[in-house]
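Computation of the quantities below employed the complete heavy-atom set of this structure, encompassing side-chain atoms and omitting hydrogens, waters and symmetry-equivalent molecules. We name chains A, B, ... by the order of the sequence lines, and we start the count at 1 in each one.
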Amino acid sequence: MIATFNWNEIFNNPETEHTFRVVVYTLLSLLLLYTVSFVASRILLKRLSPHYAALVRKLIFYIGASIILVSVMVEMGINLTGVLATAGVAGLAIGFAAQTSLSNLISGLFLIGEKPFQIGDLVRVNDILGVVESIDLLSIKIRTLDNLFVRIPNEAMIKDPVTNVTRFPIRRMDIEIGVAYKEDVGRVMEILEELAAANPYALDDPAPLILFNNFGDSALQFKFGLWFEKSNYLKLRNSIMREIKERFDREGIEIPFPHLTLYSGSATDPFPVDLKDRNPPKS
Amino acid sequence: MRSLQQFWSMRRIGEARVTLVRLGPMRLWLARAEKEWGFASEQGEPGAIMDIAQVPEDVVPDKLEWQNTLFHEAPREFLLRPVTPDRPVVIKPEHAIQIPPGESGRFFALLPVFIQVVVVMKKKELVLGTVSSLRPSDTWFGTPYEGDLAYSLPDRASLDLEALKPLPYQIVTPFEIQNKSEEFLVFEKLCLRPQYTGLYSGVRHLWSSVVRIQHEGFFKSTHVRYATTQPDYEEGLMQVAQPLKREDKGLHRLTFGTSFSRDIIFAK
């Protein structure tokens, strides 16, 4: 026998009608919430990166779902006082247990607001250098240059200094160069200027920095700073290092090894050496 | 070759043949097989050389990086089309120049031409690639936070065209600066956007259309305009390339002013 529904009986029953009303209300609210979060994320996509827009959408949805849940519970006649009291105690316990996660979550919200970096940026956190793959509520994910996956909690990103290597379109590459004390400082600086002008990846503006930095222990120390467009790092590095070496070799400019000169007390007297028997007796 | 204008005409290349194109420092090698076209380039010393010749295969250097394109049947006809550099160029005068109020100055700058290798198949043109006659150095126009990656020109802008002695691989770009303000102007540098200029071929070198700059005051605005007509410094010019982009002359410009107002820097 096929059972048939008696709709009149169903809707005339207050309890059933109430339950039906709550179900319809829940479904319509969820549909509205989904629509609102979807539209909000579309609008935010014009101002934020896709990742941040997706995070905000999730936040809107979870907060909205919580509100709907509470209002459904009220509608169902559930006494919230007891629930809240229990939730309060449970929340305290969970809070102690989930301190780190909460800290990461709150740090994540700060990171979303501050935007110190975006997906695709090259960042350095302590000794980790890599490309930001995703920015999530609890952590960020980085892919290092040798293709390792690193998960960094958001709390660490807030507490530690983070260097965004690719934030600005141009950067300066500083090369420390030491030349022997006997070399002509003016000539070395002229050669470095010529090398900078001749290298196509070194920007003419801003002008390169050529600084006679220090009288080192083993060499005269120069700082050679070349500006470059951020995507040309490897091309500039490889080409300029080779060009410096080749040009210095051609000009006879010595790049000394670290060395220590011993004096016997006078710069001119030879260091005394006492030569013993050339053929020591075999033991 | 007597005239640079002949350089841009259509040519044919036989199968298993190599053509060497020399224009200033550029050495462009073109090769065609039954189903393949290839080209490679290298840079030599800048000079006035300008020729195209078929050469034996054994003179082709070994270490070239070839760019090859496959065809069902490789077309025989090709042409070389001059185009402007693919980035903005930064121009500086050879020495500081003051322009009094109400006066104007006309300058000339030399840009290296870029060459498109174009093959013609079934009356349609196909660009195989673009090479630069001279690889200029990179530079930055703007602040360390934002700006444009540009080319830096090896030659400074000059008031005297004869003093520049343009070579066949160089585009002479005339630009005029009008000082409509009440202060003296010292022209420091200009960011020129060559994609807004057309190209014209003369007998010995190329020309671009004129660039006009009007300065109305440091608290008003500076307008940079790219003309669309050919310059009148040489007779018998032949247009060889249209501007790649056109300036917006509509409501946007009237409302917001020129988008090039930051392209010229005057020392204060």
State the CG-CD1 distance between Leu149(B) and Ile170(A), to the nearest 0.5 angstrom.
9.5 Å
Within the supplied structure, the quantity of interest is the number of heavy atoms (other residues, nucleotides, ligands) at a distance under 6.0 Å from Phe212(A) CZ; does it exceed 12?
yes
Nearest 0.5 Å please: distance from the NZ atom of Lys92(B) over to the CG atom of Asp205(A).
4.0 Å
Taking the six-membered ring of Tyr145(B), is the NZ or CZ of Arg171(A) close enough (under 6.0 Å from the centre) and on axis enough (within 45°)?
no
Do other residues, nucleotides or ligands put more than 12 heavy atoms under 6.0 Å from the NZ atom of Lys230(A)?
yes
Is it the case that atom CZ in Arg42(A) sees more than 12 heavy atoms from other parts of the structure closer than 6.0 Å?
no
If you define the side chain from C-beta out and look only at heavy atoms, does anything of Thr139(B) sit under 4.5 Å from Glu229(A)?
no
Just checking Phe257(A): does its CZ atom have more than 12 heavy atoms from other residues, nucleotides or ligands closer to it than 6.0 angstrom?
no
Minimal heavy-atom distance between Pro136(B) and Pro200(A), with the atoms involved, is O-CB, 4.4 Å
So what's closer than 4.5 Å to chain B heavy atoms on Asn232(A): side chain, backbone, both or neither?
side chain
Just checking Asp174(A): does its CG atom have more than 12 heavy atoms from other residues, nucleotides or ligands closer to it than 6.0 angstrom?
yes
Salt-bridge contact Lys235(A)-Asp138(B) (side-chain N to carboxylate O under 4.0 Å):
no
When rounded to the nearest 0.5 Å, the distance separating CG of Leu203(A) from OG of Ser152(B) is 9.5 Å
Counting only heavy atoms closer than 4.5 Å, note whether Ala197(A) contacts chain B via side chain, backbone, both or neither.
backbone
Atom OH of Tyr181(A): over 12 foreign heavy atoms under 6.0 Å:
yes
